[in-house]
J.: 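First, the structure itself, so that you have it in front of you.
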Amino acid sequence: MEMENPANFSYMGRNFSDLSNGDNSSAFSECNSDRSGEFPTTSSQSRRLLIACASDNSDDMIQQLVAVLEAGSTEEQKQAAMEIRLLAKNKSENRLKIARNGAIKPLLSLLSSSDLQLQEYGVTAILNLSLCDENKELIASSGAIKPLVRSLKTGTATAKENAACALFRLSQIEENKAAIGRSGAIPLLVNLLECGGFRGKKDASTALYSLCSVKENKIKAVESGIMKPLVELMADFGSNMVDKSAYVLSVLVSVPEARAALVEEGGIPVLVEIVEVGSQRQKEISVAILLQLCQNSGVHRNMVVREGAIPPLVALSQSGTNRAKQKAETLTELLRQPRSGKVAARASDVSI
């Protein structure tokens, strides 16, 4: 598995060890416990859950629920999965207890059910269990990746969103990233990014941002057509996806296939517009992407200049954050260089 730092290079004596915004975590609200609403329960069941959630001795109840998952009817399994999902939703100690009591494998078996609601409940419970770092390796080693990918393909809208979140959680273990990519998740996440609702787009972008730190996943994402939805979302300031899409793009552009696809999908005018009218964070990440796009390509530099990038870059170099100023100054210098002679040779001498 080949890991890449998306943007380590030096230019004209300046080192750029991180082209992205230093606070990229704030661009992604993490995939937390499910937000799909409470399932209807009878008052006695609700009291049972409240008592269990408040109790330090809930192992017996969890063991009973696991037994139902393994041998109950479909309706009983739904109820058991729902109760496990609620127990795991907000209490980390319950997540550990549920995993220790053997719930993961029977929950994963629900993901193969033809009953879409049962499948959704199973995915949601797995997501909530994956919020505990200690559970991630056990979930992955129990064979979770393929069933989660299957739910990402065939599940309800909520199941797809929660499967994307669960895959993101598992991808936080580095060795899982390539396995998730090879399981077929990347095209399905790209499809969710393009066709899902806002939650789906957000969850897909979060998972893709994590997975695409691996080179082979970057290539898969480009081949799956990720550039079109990324550019469209960045161009739509009302989408609330400009930052997230730009950060995903920032990890992709280290590979030439992504740079070519970005240009083909009309990404340069969109990035220049963001530099001109975006937020400070959006401007900074867009300049970083443009800088990597232009560093070794006179053709791309000419395209950026023709889009009128120099005036907003000059303005940003005077009024942006310190990081944005440095990037804007460096890109402006690069764009103003002639395309031949010693200066052009120096511009092409950029190591990643």
Side-chain angles (χ1 to χ4, degrees), residues 6-7 14 16-32 168 193-194 196-210 212-213 221 226-254 258-259 261-263 265-295 300 303-335:
R14 299 178 183 176
F16 292 87
S17 60
D18 180 12
L19 274 182
S20 66
N21 188 303
D23 187 24
N24 56 15
S25 61
S26 60
F28 294 96
S29 54
E30 292 229 351
C31 292
N32 293 317
F168 161 67
L193 179 69
E194 185 167 18
F198 175 68
R199 252 201 70 192
K201 293 178 189 295
K202 182 182 71 64
D203 295 341
S205 68
T206 304
L208 286 163
Y209 180 77
S210 176
C212 288
S213 65
I226 193 174
M227 206 57 64
K228 181 177 182 290
L230 285 180
V231 171
E232 289 177 349
L233 289 168
M234 287 192 301
D236 181 3
F237 284 90
S239 69
N240 292 318
M241 286 289 297
V242 176
D243 299 44
K244 296 175 182 66
S245 300
Y247 275 110
V248 176
L249 179 56
S250 74
V251 299
L252 293 173
V253 292
S254 63
R259 296 193 292 273
L262 172 62
V263 173
E265 292 295 340
I268 288 178
V270 173
L271 289 166
V272 172
E273 182 182 13
I274 293 173
V275 173
E276 188 170 5
V277 301
S279 68
Q280 285 295 326
R281 181 167 65 185
Q282 291 165 0
K283 290 178 180 181
E284 183 174 330
I285 189 63
S286 296
V287 171
I289 294 167
L290 287 169
L291 185 54
Q292 191 151 359
L293 185 68
C294 291
Q295 62 185 3
H300 293 163
M303 294 174 71
V304 172
V305 170
R306 285 198 300 270
E307 288 298 328
I310 289 180
L313 285 171
V314 170
L316 184 60
S317 69
Q318 297 170 349
S319 62
T321 64
N322 287 336
R323 291 167 61 88
K325 286 178 180 178
Q326 184 185 32
K327 293 169 186 175
E329 288 171 359
T330 302
L331 181 54
T332 302
E333 292 170 4
L334 182 60
L335 295 176

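Counting begins at 1 with the first residue of the sequence.
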J.: Please examine the side chains of Q295 and L291, heavy atoms only from C-beta on, and report whether any two atoms are closer than 4.5 Å.
T.: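 Side chain of L291 against side chain of Q295, heavy atoms only: no contact under 4.5 Å found.
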J.: Would you mind reporting whether L252 and I226 have side-chain heavy atoms less than 4.5 Å apart?
T.: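 SC-SC contact between I226 and L252 confirmed.
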J.: Within a strict 4.5 Å, meaning less than it, do heavy atoms of the L331 and C294 side chains meet?
T.: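 Yes, at least one pair of side-chain atoms sits under 4.5 Å.
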J.: Under the side-chain contact (heavy atoms from CB on, under 4.5 Å) test, which residues partner S319, sequence neighbours left out?
T.: none
J.: To check you understand the geometry: which heavy-atom pair defines the closest contact between I285 and A246, and what is its length?
T.: CG2-CB, 3.7 Å
J.: Starting at NZ of K244, measure out to CG of D203 and round the result to the nearest 0.5 Å.
T.: 10.0 Å
J.: Quick one: closest heavy-atom pair of F237 and V242, and the distance?
T.: CA-CG2, 3.9 Å
J.: So, using side-chain contact (heavy atoms from CB on, under 4.5 Å) as the criterion, who are the partners of A235 when residues are at least two apart?
T.: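 With neighbours one apart ignored, the set is V270.
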J.: Between I274 and Q282, what is the shortest heavy-atom contact and its length?
T.: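 Looks like CG2-O, 3.4 Å.
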J.: Donor-acceptor pairs are to be reported for all side-chain atoms of residues 307-315 against protein atoms at under 3.5 Å, with residues two or more places apart or in another chain.
T.:
none

J.: Under the side-chain contact (heavy atoms from CB on, under 4.5 Å) rule, collect the residues that match up with E194, sequence neighbours excluded.
T.: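 Expected list: K228, P229.
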J.: According to side-chain contact (heavy atoms from CB on, under 4.5 Å), who are the partners of A324, at least two apart in sequence or on a separate chain?
T.: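 With neighbours one apart ignored, the set is E284, L316, T321.
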J.: Test H300 against every option in V305, L293, L290, L262 by the side chain to side chain contact (heavy atoms under 4.5 Å, CB included) rule and name the one that passes.
T.: L293
J.: Could you tell me whether a side-chain N or O of S213 sits under 3.5 Å from a main-chain N or O of S210, the two making a donor and an acceptor?
T.: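 Yes, because the side chain of S213 sits within donor-acceptor range (under 3.5 Å) of the backbone of S210.
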J.: To the closest 0.5 Å, what do you measure between OG (S254) and CD (Q292)?
T.: 6.0 Å
J.: So do L230 and L193 actually touch side chain to side chain, heavy atoms under 4.5 Å?
T.: yes
J.: Quick check: closest heavy atoms across M303 and V263, and the distance to 0.1 Å?
T.: CE-CG1, 3.4 Å
J.: Where do V251 and Y209 come nearest, in terms of heavy atoms and distance?
T.: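 Here V251 and Y209 meet closest at CG1-CE1, 3.6 Å.
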J.: Hey, is the main chain of D236 close enough, under 3.5 Å, to the side chain of S239 for a donor-acceptor pair?
T.: yes
J.: Can you name the closest pair of heavy atoms from A328 and S317 and give their distance?
T.: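 So the minimum-distance heavy-atom pair works out to CB-N, 3.8 Å.
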J.: Is there a side-chain contact between L249 and M234 (heavy atoms, below 4.5 Å)?
T.: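 SC-SC contact between L249 and M234 confirmed.
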